[in-house]
2 protein chains.
Amino acid sequence: MTYDRFDLAIMQALQRDGRLSNQALAERVGLSPSACSRRLDRLETTGAIEGYSARLSSQLLGYPVTVMVNITLAGQSEKQLAEFEAAVRRCPNVLVCFLMSGEYDYILRVAARDLQDFEHIHKTALSSLPHVAKMNSSFALRKITDRSATVPPIAPGGL
Amino acid sequence: MTYDRFDLAIMQALQRDGRLSNQALAERVGLSPSACSRRLDRLETTGAIEGYSARLSSQLLGYPVTVMVNITLAGQSEKQLAEFEAAVRRCPNVLVCFLMSGEYDYILRVAARDLQDFEHIHKTALSSLPHVAKMNSSFALRKITDRSATVPPIAPGGL
DNA sequence: GTTCCAACGCAAGGATCTTGCGCCGAGGCC
DNA sequence: GGCCTCGGCGCAAGATCCTTGCGTTGGAAC
């Protein structure tokens, strides 16, 4: 599947404002509403657009503390990984989790109400995740940027 | 500002599907469309909902490689931090960046087309960011979960 | 008991979405 | 070169959806 400059413009616009009306979107990318609607359909069907999310304020929702937690398991059998990952998915405080190469097996981004809440999560949820052998936490002091993907550069006359 | 169970339900629903029509949203949370629309207005105005984003497939857009990069600067004066952060914000391959406590000053999440592309970013964009003294990269092997926030638990009869 | 106010639902006017249709232009094939 | 095919465009209309005004209601404060 290949994306021309209209597709890329649509995705870029919707990444910035996912609730743009089809009409406003069409105007912005330079298409008629019908053509724009059909392209959007196609982008969603093919999976280029996986979905849409509201960006919620962790601050205002009462989770101002962001912690990055590195975790190493006792063993790396696929069974142990799968059990750990299933448990992680069930924990609402874990916003992000990747299996990693390098010194630690996983990196997690955890949202907490305050330090005491994090201590509680640390003890209750994280340490008791299956097979955890080593943990290392760092606190986020300031958010610089936080996007979910990058759109390839749009060549002006492009394809 | 305080959020009752309707507000929380609205935010939860829109985090899952940010393009839900107001009507579908109203139905799901158990309100009339007008009441729902007014609450949504309020959530956006007060900042609880900061905006909406399409979730784009980094895979399909040609950036299948995710790398976590830890960076320490030569010094931590506010001026050095500000210059570094301004440069980071201008780099489209840097999806996420936090100023951190602990061993490293910053953690970055970088999207790359492939290993060669990352090497290029590493050399060209990252190493040449102002004041960088130490860098450490780990590759993501698998994404377990990737949300942007967590909604407080909704007490069934709650406020 | 009364008052007040925030928030609800209903209804309607206006905006918006989507599907059918005809058309155009690029590319493939004689 | 000429023709054919087909993907993709814009236009138009029926259906859907959003929002604002209005009357009402329920709970809290006095």
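Here is how names work: the chains are called A, B, and so on, in the same order as the sequence lines, proteins then strands, and each is numbered from 1. As a basis for the values below, the full set of heavy atoms in this structure was taken, side chains included, without hydrogen atoms, waters or symmetry mates.
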| query | For D:dT19, does either OP1 or OP2 sit under 4.0 Å from a side-chain N or O belonging to B:Ser37? | reply | yes
| A:Ser21, nearest nucleotide to its side chain (from D:dC17, D:dT19, C:dC17) | C:dC17
Whole angstroms only, please: what is the [atom1]-[atom2] distance between [X] and [N]?
X: B:Glu27; N: C:dG9; atom1: CD; atom2: P; answer: 13 Å
X: A:Leu40; N: C:dT18; atom1: CG; atom2: P; answer: 8 Å
X: B:Arg5; N: C:dA7; atom1: CZ; atom2: C1'; answer: 14 Å

| request: Check whether any side-chain heavy atom of A:Asp105 lies under 4.5 Å from a side-chain heavy atom of A:Phe84, and answer yes or no. | output: no
| query | How sharply is the helix from C:dG1-D:dC30 to C:dC30-D:dG1 bent, taking the axes over five pairs at either end and rounding to 10 degrees? | reply | 40°
| message | Is there a side chain to side chain contact (heavy atoms under 4.5 Å, CB included) between A:Asp146 and A:Arg55? Walk through the geometry before answering. | response | CA-CA 10 Å; A:Asp146 191 4; A:Arg55 292 192 303 271; over 6 Å; no
| Are the charged groups of A:Arg28 and A:Asp17 less than 4.0 angstrom apart, N to O? | no
| task | Decide side chain to side chain contact (heavy atoms under 4.5 Å, CB included) for B:Ile49 and B:Leu40; before the verdict, give the C-alpha distance in whole Å, the side-chain angles of both, and the deciding distance to 0.1 Å. | result | CA-CA 9 Å; B:Ile49 297 179; B:Leu40 185 51; 3.7 Å; yes
| message | Could you check whether any side-chain N or O of A:Arg89 sits under 3.5 Å from a backbone N or O of B:Ile144, counting only pairs where one atom can act as donor and the other as acceptor? | response | yes
| query | Can you check whether A:Val94's main-chain N or O pairs, donor with acceptor, with B:Arg147's side chain at less than 3.5 Å? | reply | yes
| query | For the side-chain contact (heavy atoms from CB on, under 4.5 Å) test, which of A:Leu14, A:Leu8, A:Asp7, A:Ile10 pairs with A:Val151? | reply | A:Leu8
| task | For nucleotides 6-11 of chain D, just jot down a letter per nucleotide in 5' to 3' order: B, S or -, based on protein non-hydrogen atoms under 4.0 Å. | result | ---SBB
| query | For B:Glu27, does the CD atom sit with more than 12 other heavy atoms under 6.0 Å from it, leaving out its own atoms? | reply | no
